[in-house]
Each structure stands twice: as structure tokens, then as C-alpha cells.
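Encoded as C-alpha cells, the structure appears first; notes follow it.
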Amino acid sequence: MDITQLILDDHHEQRRLFAILEQIDRTDTDALSSIWDRLAAFLELHAQAEEEIFYPALLESGIAAKRTSAVEDETLDAIHDHNEIRDAVADVARHRVGSDDWYAAVAAANLANSDHMAEEEREGLTEFRRLAAVPQRHRLAVTFAAYEARHYAGVRPVDKDPDSYVRAVEQGPLANGSLAVGSLKQH
């Protein structure tokens, strides 16, 4: 098991769910709502899992390999992209399911997500495969799969400031493992 492959598998599932939405009759609002709700929850869960597990490991590996600037840039961009995806998902909720505006909002979410996935697959995942040994990628895959399984019903979407996110990761987790950013921030 490799965390980069689990992330790619999630990307495939996201693409599949967007494609399913495109094939459902617009008058079947129950089916559209059900598939969209599943996809919206999955997009957030995937982003949170990456933010809690993958990107801290990418930063740590990049810093150790003296590639700080490259992995910081990739991480900053990814967190920014996750925020854009969250905003696009929130916009879908503002429209009546099956309406032209709803479809336009879903298409905007698909575009934001597709752009992010393509960039992540070209850069972050490729960089991590170069920097991290297979045993580390396996351990992270187990953690990633367990995180998604524990939160299968979804997580609360929380935009994050990309710069604060990177600073928190570079300063290291708190005693409880939290990065003190987003939904896991200690109060």
C-alpha cells in the first residue's frame, strides 16, 4: 500500500462521481442530490486527509532533502486549491438541484477539483515518491485509509490560510498530533 496510490484512487473516484452526475436526468433530483451529497462529503474528507497526513509528510521529507522551497510552494498551492474547492462546493448548495445554475456550480466545482488533482498528480505526488521511501509511504497509507474510514460520514469544511498551514506544519504537531490548524485546532 502506498499513500500516493490511495490519493490517486480517491481522485479516480471523484472523477467517476462527477461523470455520474453528468449522466443523470436533470429531473431526477433525488438521484442528483444523493450523488452530489456523497461527492461533496468525499471531496472534503479527501482534502482533510491530505492536509492532516500527506502534506505534512511532504513538507517534512522536502525539508530533510533540502527542497524546502519546492515543497512549500506545492503545499501552499494545494491548500489554496482545497479552499477554492470548498468554496465551489458551498456555491452548489445555493442553487436548486437540477437547475441550470446548479449544473453550472457543479461544473465549476469539477473544474476547480480537476485542476487541483492534475497539478497534485504532476507535482506533489511525484515529488513525494522521489523523496519518501516505500516503508514510509506504506505507513502513511495505513494512516490515510484509517482516517478516511473513521470519518466516512464526512468532516466539517474549514478554509485554511495556506501560509499559516505551512508554518504550523513546519513547527510540528502538538502533543495530541494536531497541527493546530482548521477543524483540529485546539481551543
Side-chain angles (χ1 to χ4, degrees), residues 1-23 35-36 38-89 92 105-149 151-152 154-155 157-160 162-163 165-166 169-170 179 181-182:
M1 217 175 10
D2 182 325
I3 190 169
T4 62
Q5 186 59 53
L6 289 184
I7 290 171
L8 289 170
D9 293 347
D10 278 5
H11 289 180
H12 174 75
E13 179 64 6
Q14 291 164 21
R15 289 179 177 108
R16 187 181 77 82
L17 290 169
F18 273 113
I20 288 171
L21 284 173
E22 294 168 357
Q23 298 174 50
I35 300 298
W36 173 253
R38 165 70 181 114
L39 176 55
F42 185 48
L43 289 169
E44 183 56 34
L45 175 57
H46 176 80
Q48 289 282 358
E50 286 184 344
E51 290 167 3
E52 291 295 323
I53 299 156
F54 176 70
Y55 281 102
L58 175 64
L59 283 165
E60 180 182 302
S61 296
I63 291 167
K66 308 232 184 298
R67 296 203 27 80
T68 303
S69 180
V71 295
E72 280 182 346
D73 288 347
E74 290 167 19
T75 303
L76 288 166
D77 189 52
I79 303 307
H80 174 75
D81 289 352
H82 287 174
N83 291 338
E84 285 186 349
I85 295 163
R86 287 178 181 111
D87 293 345
V89 167
V92 173
V106 169
N110 190 2
L111 180 61
N113 193 57
S114 294
D115 288 349
H116 166 69
M117 290 186 304
E119 190 171 28
E120 185 173 70
E121 290 167 7
R122 276 191 322 271
E123 296 173 4
L125 297 178
T126 299
E127 185 79 8
F128 195 65
R129 281 189 294 271
R130 289 182 186 134
L131 294 171
V134 172
Q136 179 188 12
R137 295 195 322 253
H138 173 79
R139 283 190 307 276
L140 290 169
V142 171
T143 303
F144 192 88
Y147 183 92
E148 287 190 327
H151 300 288
Y152 71 91
V155 293
V158 178
D159 277 355
K160 294 167 185 72
D163 293 316
Y165 175 87
V166 168
V169 169
E170 290 177 347
L179 296 173
V181 295

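Heavy-atom basis, side chains included; hydrogens, waters and symmetry copies ignored.
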**Request:** Measure across A109 and V89 and return the closest heavy-atom pair with its distance rounded to 0.1 Å.
**Result:** CB-N, 4.5 Å
**Prompt:** N83 side chain to K160 main-chain N or O, any donor-acceptor pair under 3.5 Å?
**Reply:** yes
**Request:** Have a look at H82 and tell me which of H116, H46, Q48 forms a side chain to side chain donor-acceptor pair (under 3.5 Å) with it.
**Result:** H116
**Message:** Going by salt bridge (Lys or Arg N to Asp or Glu O under 4.0 Å), name the residues that satisfy it together with E44, two or more places apart in sequence or in a different chain.
**Reply:** R86
**Request:** Would you name the heavy atoms of V106 and F18 that are closest together and state the gap between them?
**Result:** O-CE2, 3.7 Å
**Asked** Got E84 and D115 here, is their nearest side-chain heavy-atom distance under 4.5 Å?
**Response** no
**Asked** With respect to F54, which candidate in L125, T75, L6 satisfies the side-chain contact (heavy atoms from CB on, under 4.5 Å) definition?
**Response** L125
**Approximate separation, where rounding is to 0.5 Å, of R15 CZ and N113 CG** = 8.0 Å
**Complete:** Taken to the nearest 0.5 Å, the spacing of L76 CG from E72 CD works out to 6.5 Å
**Prompt:** Are Q14 and D10 side-chain neighbours, meaning at least one heavy-atom pair lies under 4.5 Å?
**Reply:** yes
**Request:** Please name the pair of heavy atoms, one in Y147 and one in E52, separated by the smallest distance, quoted to 0.1 Å.
**Result:** OH-CG, 3.9 Å
**Request:** Please report the C-alpha distance between D87 and D159 in whole Å, then the side-chain angles of each, then the deciding distance to 0.1 Å, and finally whether the side-chain contact (heavy atoms from CB on, under 4.5 Å) criterion is met.
**Result:** CA-CA 8 Å; D87 293 345; D159 277 355; 3.2 Å; yes
**Asked** Regarding Q5 and D9, is there a side-chain donor-to-acceptor distance under 3.5 Å anywhere?
**Response** yes
**Asked** Would a 4.5 Å heavy-atom cut-off, applied to side chains only, mark R139 and P135 as touching?
**Response** yes
**Request:** Pick out which of Q136, R129, R137 makes a side chain to side chain donor-acceptor pair (under 3.5 Å) with D2.
**Result:** R137
**Request:** Identify the two heavy atoms, one from E170 and one from L59, that lie closest to each other, and give their separation to 0.1 Å.
**Result:** OE2-CD2, 4.2 Å
**Fill in**
d(E123 CD, L58 CG) to nearest 0.5 Å is 10.5 Å
**Message:** Run E120 and D81 through side-chain contact (heavy atoms from CB on, under 4.5 Å) and show every step you take.
**Reply:** CA-CA 10 Å; E120 185 173 70; D81 289 352; over 6 Å; no
**Request:** Looking only at non-hydrogen atoms, find the nearest pair between E74 and G124 and report the distance.
**Result:** OE1-CA, 3.4 Å
**Asked** Among I7, L140, V71, which residue meets the side-chain contact (heavy atoms from CB on, under 4.5 Å) test with F128?
**Response** L140
**Prompt:** With sequence neighbours excluded, what pairs up with E13 under the side-chain contact (heavy atoms from CB on, under 4.5 Å) test?
**Reply:** R16, L17, F42
**Request:** Can you see which heavy atom on A65 is nearest to which on L131, and at what distance?
**Result:** CB-CD2, 3.5 Å
**Prompt:** So, Y55 side chain and A78 main chain: donor-acceptor pair closer than 3.5 Å or not?
**Reply:** no
